[in-house]
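For reference, the structure discussed in these notes is given below.
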Amino acid sequence: QEQLVESGGGLVQAGGSLRLSCVASGGTFSRSAMGWFRQTPGKEREFVATISLSGGGTYYADSVKGRFTVSRDNAKNTLYLQMNSLKPEDTAIYYCARARTSGAIVGARYYDYWGQGTQVTVSS
């Protein structure tokens, strides 16, 4: 069974950067697309970014396009999210997830394994 563990969250000032990591074990990381989602209290989980199994295909939410970059290292079973020019509205718990597809895909319903999340807080 796939296990996903995120790390790299924390407190940062607006305009700063963070790099999130997600280490996968026990599953099919290198054969699956992966995604990042985020959630704030009282709101639904929101799509952030997705990447295909090869890393050649990526897609971003409009709110993060040009500021966030998703990447993966299949040899290390690790997914990354580089977040630059952070804004207070980026504050959320960030989750990585494994898709049931090989191609990058947006909808949360296409993801079957989720990490426990890592908190990102951006102060103004």
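Note that the structure is predicted; figures quoted are calculated from it, not measured.
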Next item on the list: Take Leu4 and Met34 through the test side chain to side chain contact (heavy atoms under 4.5 Å, CB included) and record every step on the way to the result.
Entry: CA-CA 11 Å; Leu4 303 173; Met34 298 292 294; 4.0 Å; yes

Checklist line | Residue pair Thr58, Tyr60: steps toward the side chain to side chain contact (heavy atoms under 4.5 Å, CB included) verdict | finding: CA-CA 7 Å; Thr58 58; Tyr60 298 90; 3.7 Å; yes

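In Lys43, the NZ atom is not crowded: 12 or fewer heavy atoms of neighbouring residues, nucleotides or ligands sit closer than 6.0 Å. Other residues, nucleotides and ligands place more than 12 heavy atoms under 6.0 Å from the CD atom of Gln39.
Between the side chain of Asn74 and the main chain of Phe29, no donor-acceptor pair closer than 3.5 Å is present. In this structure, Arg100 contributes its side chain and Ser32 its backbone to no donor-acceptor pair below 3.5 Å. Side chain of Thr118 to main chain of Gly9: a donor-acceptor pair is present (N/O by atom type, distance under 3.5 Å, no hydrogens or angles). Of the possible donor and acceptor atoms, one in the side chain of Thr91 sits under 3.5 Å from a partner among the backbone N and O of Val122. Thr50 places a side-chain N or O within donor-acceptor distance of the main-chain N or O of Ile105, the cut-off being under 3.5 Å.
Note on Val70: it clusters hydrophobically with Leu86, by side-chain heavy-atom contacts below 4.5 Å among ILVMFWY residues. Transitive grouping of hydrophobic side chains (ILVMFWY, heavy atoms separated by less than 4.5 Å) brings Val106 and Trp114 into a common cluster. If you chain together hydrophobic residues whose side chains sit under 4.5 Å apart, Leu81 and Val23 never meet in one group. Hydrophobic clustering of Ile, Leu, Val, Met, Phe, Trp and Tyr side chains at less than 4.5 Å, counting indirect connections, keeps Trp36 apart from Tyr80. In this structure, Val64 is a member of the same hydrophobic cluster as Leu20, with clusters built from ILVMFWY side-chain heavy atoms closer than 4.5 Å.
By the 6.0 Å and 45° rule, Arg98 does not stack over the aromatic ring of Tyr110.
Ala104 and Gly57 make their closest contact through CB-O, 3.8 Å (heavy atoms, listed as atom of the first residue, atom of the second, distance). A pairwise comparison of heavy atoms in Glu6 and Gly117 identifies OE1-N, 2.9 Å as the closest pair. Minimum heavy-atom separation, Ser124 to Ala14: CA-CB, 4.4 Å.
Residues Arg72 and Cys22 form no side-chain contact, since every pair of their non-hydrogen atoms from C-beta on lies 4.5 Å or further apart. Side-chain contact between Ile93 and Tyr95 is present, with heavy atoms from C-beta onward closer than 4.5 Å. Side-chain contact between Thr121 and Val12 is absent, with no heavy atoms from C-beta onward closer than 4.5 Å. Under the 4.5 Å side-chain criterion, counting only non-hydrogen atoms from C-beta, Gln3 is not in contact with Tyr113.
Interatomic distance, Gln119 CD to Thr40 OG1, rounded to the nearest 0.5 Å: 10.0 Å. Summarising the geometry, atom CZ belonging to Arg67 is positioned 7.0 Å from atom OG belonging to Ser85; distances are rounded to the nearest 0.5 Å.
Side-chain contact, Arg38 with Tyr94: a donor N or O sits under 3.5 Å from an acceptor N or O. For the 3.5 Å distance criterion, the side chains of Asn84 and Ser17 qualify, holding a donor opposite an acceptor. Looking only at atom types and distance, the side chain of Thr101 has no donor-acceptor partner in the side chain of Tyr111 under 3.5 Å away.
Salt-bridge annotation for Lys87 and Asp90: absent, with no side-chain N of the basic residue lying under 4.0 Å from a carboxylate O of the acidic one.
Residues passing the ring pair (Phe, Tyr, Trp, His ring centres under 6.0 Å) test with Phe47, sequence neighbours excluded: Phe37.
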